[in-house]
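Input: a single structure, listed below in structure tokens.
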Amino acid sequence: MAEEKYAGYRGSTLDWLKKQGLEVWDEIEVTKADSSIKGVILPRNELADPNFISLKLSTGYNIGFNIEDVLRVRKIGRFQGKYRIPKVEIAQKPALPFVPILGCGGTIASRLDYQTGGTIPALTPEELFSSFPEIAELARVETSLLFDIFSENISFGHYVKILTEIESLIQNDAPQGIVLTHGTDTLAFTAAALSFSITNPPFPIVITGSQRSSDRPSSDSFFNLYNSVLYAASPKAKKEVVVIMHEKSSDTSCTIHRGTRIRKMHSSRRDAFKTIGGSPLGRITERKISFAKEEENLSIEVELKDKPCQITKKFEEKVGLIYHYPGIQPGVLDYYIEAGYKGIVLAGTGLGHVSSNLIPTIKKANENEIVIVTTTQCLHGFTGLSVYESGRQLQKAGVVSVFNILPETAYIKLAYLLGNYRKTEKIIELMKQNLKGEITIREKFQEF
Amino acid sequence: MTESKLDYNNLGFKAGIEIHAQLSTEKKLFCHCSAALTNETPQVIVQRKFRPVLGEMGVYDPALLIEFEKNHTIFYEVFDSVCTYELDETPPFPINTEALYDCIKLAKMMNCEIVEETNVCRKNYLDGSVPCGFQRTALVGYNGQISLIKDPPMIDEKELSISWIYIEEDAARKDNDRTKGKNVFFKLDRLGIPLIEIVTDHGLSSPTEVIFAARTLGMLIKSSGIARKGLGTIRQDINVSIAEGDRVELKGIQLLQLIPIAIDFEIQRQLGLISIQKELIKRDIQPQDVPLQTLDVTEVFSKTSSQVIQSALKRKERVLMLPIAGFQGLLGRELQPNKQFGTELSDRVKSLTNLKGIIHSDEDLLKYNFSEREILELTKKCEERSFAFVIAIGKNKEAQKALTFVHERLLAAFNGVPQETRHVNSDGISTFTRDLHGRSRLYPDTDLPPVVIDLKRVKMIEENLPENFWSRIRRFSKEYSISIDLAEDLIYDDKAEIFAELIQRGAPSKVVVTTLTQTLTAISREGVDINNITDNHLLEIFEALRLNKFAKEAIPDILTNLGKNPTKSLSDIVSDFGGGMSQEELNKLVLKVLKTSQELVKERGMNAFSPIMGLIMKEARGKIDGKIVSETLRKYLRKQVK
């Protein structure tokens with residue numbers, strides 16, 4: 001492949017390499033003025049400055065050199081890196097519970113990609129055990145990579161793919177539990193999507209991720225994955241969709257969160273995930289799972305347990321989530337109406353308010369059978385459109401207030417309901433009902 | 001310095017040094033925290049575990065795996081003065097360009113080539129000293145050269161090649177007070193302070209040259225004006241080898257005087273190891289004669305009276321033995337004072353496992369309270385393979401691991417000297433810390449894009465480099481007719497400018513020198529904060545001295561007072577001493593004291609001078625020059641005696 005030889009180089013450096021008869025992985029000696037330096041030509045990140053060539057020196061350090069005033073260059077050898085994670089054969093113990101791990105773009109174990117400077121997931125069990133051999137003590141593990149994309153690119157199609165895979169696991173393999181690894185940015189959306197789409201799951205479905213990539217010795221990925229597998233393999237585990245992530249900055253405990261009340265609250269900290277407006281389901285400390293007292297879990301009227309598992313795979317993709325801000329123009333809403341959207345979630349101010357200049361457009365949307373619900377940007381606390389006159393006006397215009405459901409969860413729930421139900425009244429009724437713990441009926445004082 | 005008995009020339013001695021120095025920037029290298037240490041008590045303690053990761057080349061660094069197997073838990077002491085970056089909870093901010101260009105300045109002072117595009121790399125450390133598990137470091141300059149200053153005389157006799165100069169973040173400080181067993185504590189304040197690392201080539205051919213190189217680089221760093229001052233801000237490591245030996249890194253040498261002593265001990269150690277290698281050849285022992293076959297000998301000690309083993313057995317630990325063919329007498333061979341080859345095995349086990357050490361057959365086993373029967377049984381166990389063994393006591397897995405490390409080290413003995421890093425103690429004797437790190441622990445930092453160096457800025461730096469320090473010393477010495485040593489001290493301590501100023505204003509040069517070089521140091525040792533004494537204070541003091549406001553003897557007291565009370569004005573402090581004393585006042589005082597000492601004068605005549613002088617000085621000290629007092633007294637006394 002021609003590109004591989006000059007991976008990442010373009011413009012003048014590409015021409016220069018060609019002219020000198022050099023390619024990536026050649027070991028060279030470059031002379032400039034009265035000094036020379038030796039190193040291996042590395043592939044270059046395509047986004048980096050195009051006038052430099054990357055060199056790896058014998059000390060292991062990388063530098064870039066400008067081709068401009070090179071006096072002499074001499075090829076002295078060739079080197080090719082092998083970026084394979086060494087495979088380790090570990091006999092899986094047949095007596096252990098079966099826990100499949102589904103990779104959804106999140107990195108379990110990884111190797112460094114020289115060219116992009118990013119990481120490539122390693123997902124065969126052999127590669128996984130090579131990095132995290134301790135996992136083999138917990139469960140019989142099988143890994144599969146469903147898709148490998150950044151989590152900000154995940155959408156409804158990917159939810160369907162995950163649901164299909166889970167359906168097949170239920171039918172064919174009867175696992176003790178399953179673990180999904182996922183990028184953290186949109187992990188909460190996926191958790192909500194699976195929560196609403198799977199009724200009465202026959203086993204715990206654990207979603208986990210890491211805030212520090214696995215190419216660092218300090219990565220949280222091992223601790224999170226270990227505790228997730230431990231939970232999924234435990235007979236004590238609750239049969240519902242949960243998220244398991246670091247509880248604190250310390251590598252001492254993980255929190256078990258309900259899939260519908262979770263939110264990433266920090267861009268980079270290990271303990272970024274928080275259960276909002278309630279207590280988490282429980283925690284795992286030193287391999288021990290403990291659950292919070294039942295009454296603290298609040299109002300989970302999850303479906304009757306004797307019903308069989310049911311999986312729906314439909315979502316309405318024409319649903320919008322609009323963050324309200326001062327000066328918002330009605331044209332924003334007009335766009336959604338004209339584009340044929342079926343539902344809109346407003347992240348309103350305070351109790352769920354939006355500017356009164358939107359009211360005529362909201363009325364228009366309502367006439368077009370578009371479901372409009374409002375949530376609060378505050379994240380904590382309930383919406384309340386009856387408190388102020390402006391709220392009552394919104395209600396009159398057709399805005400539905402949905403208690404303390406999180407904006408992102410409301411967005412996924414509305415897409416799920418619009419995908420599976422026809423009648424607007426029914427959809428609105430279900431939007432206001434607590435289906436999967438997404439609405440809590442009481443807020444305890446200490447939980448803020 | 002005592003002369004070494006070793007013939008370094010013939011041994012093919014080679015050495016290079018690495019110098020680390022903290023930069024005096026306001027902020028840290030990759031975040032906006034103040035680059036300063038703190039005495040605060042930690043607000044929070046965060047607990048972490050580290051795991052080895054693959055290097056760029058797809059292999060684990062063996063030294064990192066060993067670190068991982070120690071199974072340490074790391075605790076970080078978090079202070080108000082650090083942010084989430086130090087805790088590895090926030091990605092790095094762009095590199096502190098002040099520090100980067102300071103490093104370039106130093107590189108230019110050493111005539112280095114400057115890297116045109118720097119790439120921040122990650123250097124893995126699993127000991128917990130960096131919360132990310134890697135230190136961020138970047139190559140800034142290479143291929144430099146400076147004149148090695150031999151002293152005395154100050155002649156540039158040899159060129160010293162500088163291989164590399166790096167900018168990196170300093171690591172966290174280990175808290176030895178809290179660290180216990182597998183729980184290791186670190187203070188996060190030092191983490192992230194910009195650090196430069198200078199690496200010379202291996203061209204130094206004697207311990208004296210190593211001292212010269214360390215001194216030269218130390219002075220160069222100090223004269224650059226970019227480095228932090230104070231204890232522990234400059235640290236040096238030394239790489240040494242001899243022709244038949246191998247490269248060993250000596251770390252933790254605090255004093256320059258210790259360098260030749262530590263090198264001497266190290267070369268003796270290498271010679272000892274080479275003699276063991278030769279002895280093995282003579283005995284016709286091969287590595288395959290030393291298999292890793294361990295025996296569980298716990299049974300032997302079932303009725304032991306050895307305290308060590310009794311308490312181990314209570315903890316359900318095992319006693320494992322590694323019989324070693326052909327090593328009898330070698331385990332006990334002394335390599336450094338009171339350190340045998342067996343100690344090397346033991347140090348290695350201490351460093352790489354959680355065991356406290358090993359017991360070997362060249363030791364006096366009776367000191368462990370082993371009974372003769374027990375010793376005999378142990379001997380029998382390895383009879384066929386001749387009498388040498390190593391015993392490890394611990395949980396089966398741990399003891400097995402210890403003996404595996406012992407075995408590895410024994411095999412290395414067939415090749416003489418293994419490459420390793422050793423820590424030098426205050427007596428110059430060193431202890432094994434770890435195997436040398438490979439380069440698979442270095443890989444690019446994906447959090448930070450490469451930084452293109454601004455060549456215009458480099459040129460500006462180059463045009464404004466500070467005067468070469470040794471030419472400055474020479475110039476200073478000539479200009480003020482002072483010795484090279486004194487000039488060096490003044491420049492070293494940043495006192496050259498105030499010295500020049502005082503001399504130009506006509507202050508007596510002897511008093512100025514004493515004050516700047518001795519008095520300040522002395523009162524600082526007594527705990528006075530001499531940072532409170534400014535150049536202006538010194539100018540004022542010498543002006544007051546010129547006006548006879550007080551005598552030169554009062555200077556130490558005045559400086560002490562100033563250091564302790566920085567807000568007080570000089571005139572207040574001087575008046576605390578009762579102000580100066582005029583000749584007239586002195587005359588009166590002398591006459592008064594002479595009057596009360598009539599009998600003494602009658603009795604001793606001129607010999608009464610000393611006791612009377614003492615009486616007068618009780619009142620006059622610090623207020624008027626002692627010389628004037630003695631002249632005045634002599635005059636009046638002479639009159640009286642006549």
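So you know, we letter chains A, B, ... as the sequences are listed, proteins then strands, and number each from 1. Predicted model only: the values in this text are computed from it and were never measured.
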| task | Only counting residues at least two apart or in another chain, list the ones meeting side-chain hydrogen bond (donor to acceptor under 3.5 Å, both in side chains) with A/Arg269. | result | A/Asp271
Any salt bridge between [X] and [Y], counting N to O under 4.0 Å?
{"X": "A/Glu134", "Y": "B/Arg51", "value": "yes"}
{"X": "A/Asp49", "Y": "A/Arg44", "value": "no"}
{"X": "A/Glu137", "Y": "A/Lys93", "value": "yes"}
{"X": "B/Asp447", "Y": "B/Arg122", "value": "yes"}
{"X": "B/Glu462", "Y": "B/Lys459", "value": "no"}
{"X": "A/Glu247", "Y": "A/Arg270", "value": "no"}
{"X": "A/Asp251", "Y": "B/Lys49", "value": "no"}

| message | Sort by residue number and list every residue of residues 136-146 of chain B having at least one heavy atom under 4.5 Å from chain A. | response | B/Arg136, B/Thr137, B/Ala138, B/Leu139, B/Tyr142, B/Asn143
| remark: Within residues 83-95 of chain B, contacts to chain A at heavy-atom distances under 4.5 Å involve B/Thr84, B/Leu87, B/Asp88, B/Glu89, B/Thr90, B/Pro91
| remark: Highest number of heavy-atom pairs under 4.5 Å with chain A among B/Asn119, B/Val452, B/Ile453, B/Val120 belongs to B/Asn119
Between [X] and chain A, which part of the residue has a heavy atom less than 4.5 Å away: side chain, backbone, both or neither?
{"X": "B/Tyr166", "result": "side chain"}
{"X": "B/Asp445", "result": "neither"}
{"X": "B/Ile45", "result": "backbone"}
{"X": "B/Pro131", "result": "backbone"}
{"X": "B/Tyr76", "result": "neither"}

Under 3.5 Å side-chain donor-acceptor pair for [X] and [Y]:
{"X": "B/Asn183", "Y": "B/His72", "result": "no"}
{"X": "A/Gln211", "Y": "A/Thr184", "result": "yes"}
{"X": "A/Ser249", "Y": "B/Arg48", "result": "yes"}
{"X": "A/Asn62", "Y": "B/Tyr443", "result": "no"}

| query | Can any side-chain N or O of B/Lys28 pair as donor or acceptor with the backbone N or O of B/Leu191 at less than 3.5 Å? | reply | yes
| request: May I ask you to decide if B/Asp246's main-chain N or O and B/Ser241's side chain share a donor-acceptor pair within less than 3.5 Å? | output: no
| request: Among A/Pro217, A/Ser250, A/Ser219, single out the residue with the greatest number of heavy-atom pairs under 4.5 Å to chain B. | output: A/Pro217
| query | Heavy-atom distance under 4.5 Å to chain B: side chain of A/Ser36, backbone, both or neither? | reply | backbone
| query | More than 12 foreign heavy atoms under 6.0 Å from NZ of B/Lys395: is that the case here? | reply | yes
| query | Can the positive tip of B/Arg457 be found less than 6.0 Å from the middle of the six-membered ring of B/Tyr101, inside 45° of the ring normal? | reply | yes
| request: Answer with yes or no after comparing the ring centroid distance for A/His246 and A/Phe223 against a 6.0 Å cut-off, counting only values under it. | output: yes
| field | Neighbours of chain B found in residues 63-73 of chain A - heavy atoms under 4.5 Å | value | A/Ile63, A/Gly64, A/Phe65, A/Asn66, A/Asp69
